[in-house]
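Quick one: this structure, given as structure tokens, is what I'll be asking you about.
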Amino acid sequence: MLVGTDPTRLLSFATMSDDDAAIFPQHGSSPADVLAKLESMRVGDLDWRSGRAFSLVYNPGDDDHEHLLEQVATMFQHENALNPLVYPSLLTMELDLVAMAAELFGTASNAGSISSGGTESIFLAVQVARDHARQERGVDEPVLVTAITAHPAFAKAAHYLDVEHRFVPVSDDGRLDTDALAATVDGRTGLVVASAPCYPYGVIDDVPTIAAIAAEHGSLCHVDACLGGWLLPWFERIGEPVPPWDFRVEGVTSISADVHKYGYTFKGLSTIMYRTRELVKLQQFWYDSWPGGLYASGTTAGTRPAPPIAGAWAAIHHLGVEGYLAKAEQVRDAGRAFVDGIAGIDRLRITHPSDIPVFEFTAPDGSIQAIADGMDRRGWHLDRQQGGLHLMLSPAHLAVADRFIADLADAVAEAPVGDGDPGELHGTYGGIV
Ligand SMILES: *Cc1c(COP(=O)(O)O)cnc(C)c1O
């Protein structure tokens, strides 16, 4: 298993400039020239507005919403949330965001914070668990236990924070294998992770059983709802079957959930919530020996950009409960259209029926590679996973569902039947420049 740095695999990109001159510009350019240059540079970028991409951007499909967020980002462009005490507006919005997340995830404790994204929320949860094990239980070298489907941010956090990481397999349904978990967790376990849902298959782990196993050994239990946290509460209210996953489950001690996914704000806003105030205190950092004055910070960053805070607050106030319920219905309907369409194509199979419209499908006859290429040629950007192609649906996908299924049927018809070996696709989720 590769964890950490592997210099042999580093990707390298040529610089954009093809002359040999120094890269740093000698002369300034007019705003119009800079904008024109940027416009020409981005022609090759992923076109998410078309609805033909299925990751990286969660598109509410709503021009007023997008325009509002642009205005808010400009309004708060230069403010710095490093010291919210001099920006009462940011302080209010930050406290509101934490309180709204607490309400949404079923805890009265109001203990948590906002962060820059899912990876930072996960780092904080792992750090809190490590220090909780050391300070409260006398376990000096606590262990992190996750399923193999848990987001790589956990492996990264374990690597950076020098915490041992043990993996457990998943069952046939793609959910963490709780028997394997029970055999792995012991007195040294500091944190057990459940996903709600996991990214590759969109299935929610058995949170009540996982939290009970953790609690039995005195371990904390984190639910990674980075993907589902801002969708599942609305799914539950529109009557979709949602397995228990939040603070209403006994033994769940922290939850990460990204507002910049199904909360429909732009990048840079996640929430990390705890069951108790004692836990959130472990992530706060105080330093009083600096000539610059007392330094206090609640998360990893020092200087924090204000636009994500104002953007998230604005998105939530623009949509309200009613707006989120309407968006949830669109996501549900998009999911049904895609799932039914794929089920109607003989040679395709969804690998693990999912809890939200995020899932993987493949062609058991071994032709998925050719089908993937056929979809690329038709202008769709499907992510390739080890086990097949990945779909993650936003409200904007409802409008393209019929076209997608028609193109998929064509791509399947055109792909020669494979040799019966499903094989592995090779996908890339992140990148290094
Ligand atoms: C998006 C996501 C994360 C966080 O990843 P980032 O790259 O930091 O946004 C964590 N877990 C799951 C399940 C996710 O989908």
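Atoms within each ligand, like the ligands themselves, are counted from 1 in listed order.
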Side chain, backbone, both or neither: which part of Asp224 comes within less than 4.0 Å of ligand 1 when only heavy atoms are counted?
->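 For Asp224, the contact with ligand 1 is made by the side chain alone.
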Could I get the full list of side-chain hydrogen bond (donor to acceptor under 3.5 Å, both in side chains) partners for Tyr324, not counting sequence neighbours?
->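 None.
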Where on Pro197 is there a heavy atom closer than 4.0 Å to ligand 1, on the side chain, on the backbone, on both, or on neither?
->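 Just the backbone.
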Any heavy atom of Ser270 sitting closer than 4.0 Å to ligand 1?
->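 Contact absent.
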Could you tell me which non-hydrogen atom of Leu398 sits nearest to which non-hydrogen atom of Ala334, and how far apart they are?
->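 Taking Leu398 first and Ala334 second, the nearest heavy atoms are CD1-N, 3.5 Å.
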Those atoms of ligand 1 less than 4.0 Å from some heavy atom in Cys226 |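 Listed by number with element, the hits are 2 (C), 3 (C), 10 (C), 11 (N), 12 (C), 14 (C).
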Electrostatic pair Asp373:Arg377 at N-O distance under 4.0 angstrom |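 Result for this pair is no, no salt bridge flagged.
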Which atoms of ligand 1 are found less than 4.0 Å from any heavy atom of Gly118?
->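 Numbered from 1, ligand 1 contributes 4 (C), 8 (O).
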Option with minimal heavy-atom separation from atom 6 (P) of ligand 1, where the choices are Val358, Thr119, Leu227 |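 Comparing heavy atoms across Val358, Thr119, Leu227, the nearest one to atom 6 (P) of ligand 1 lies in Thr119.
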Any donor-acceptor pair under 3.5 Å from Glu120 side chain to Thr300 backbone |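 The answer is yes, because a donor-acceptor pair under 3.5 Å joins these two groups.
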Any donor and acceptor pair, going by atom type alone, linking the side chain of Ser297 with main-chain N or O of Thr299 inside 3.5 Å?
->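 At least one qualifying donor-acceptor pair exists.
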Does Lys261 come within less than 4.0 Å of ligand 1, judged by its heavy atoms?
->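 Per 4.0 Å heavy-atom rule, Lys261 contacts ligand 1.
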Electrostatic pair Arg188:Asp186 at N-O distance under 4.0 angstrom =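 Looking at Asp186 together with Arg188, the answer is no, because their closest N to O distance does not fall below 4.0 Å.
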Would you mind listing which atoms of ligand 1 come within a distance below 4.0 Å of any non-hydrogen atom of Ile122?
->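 So the atoms of ligand 1 that pass are 10 (C).
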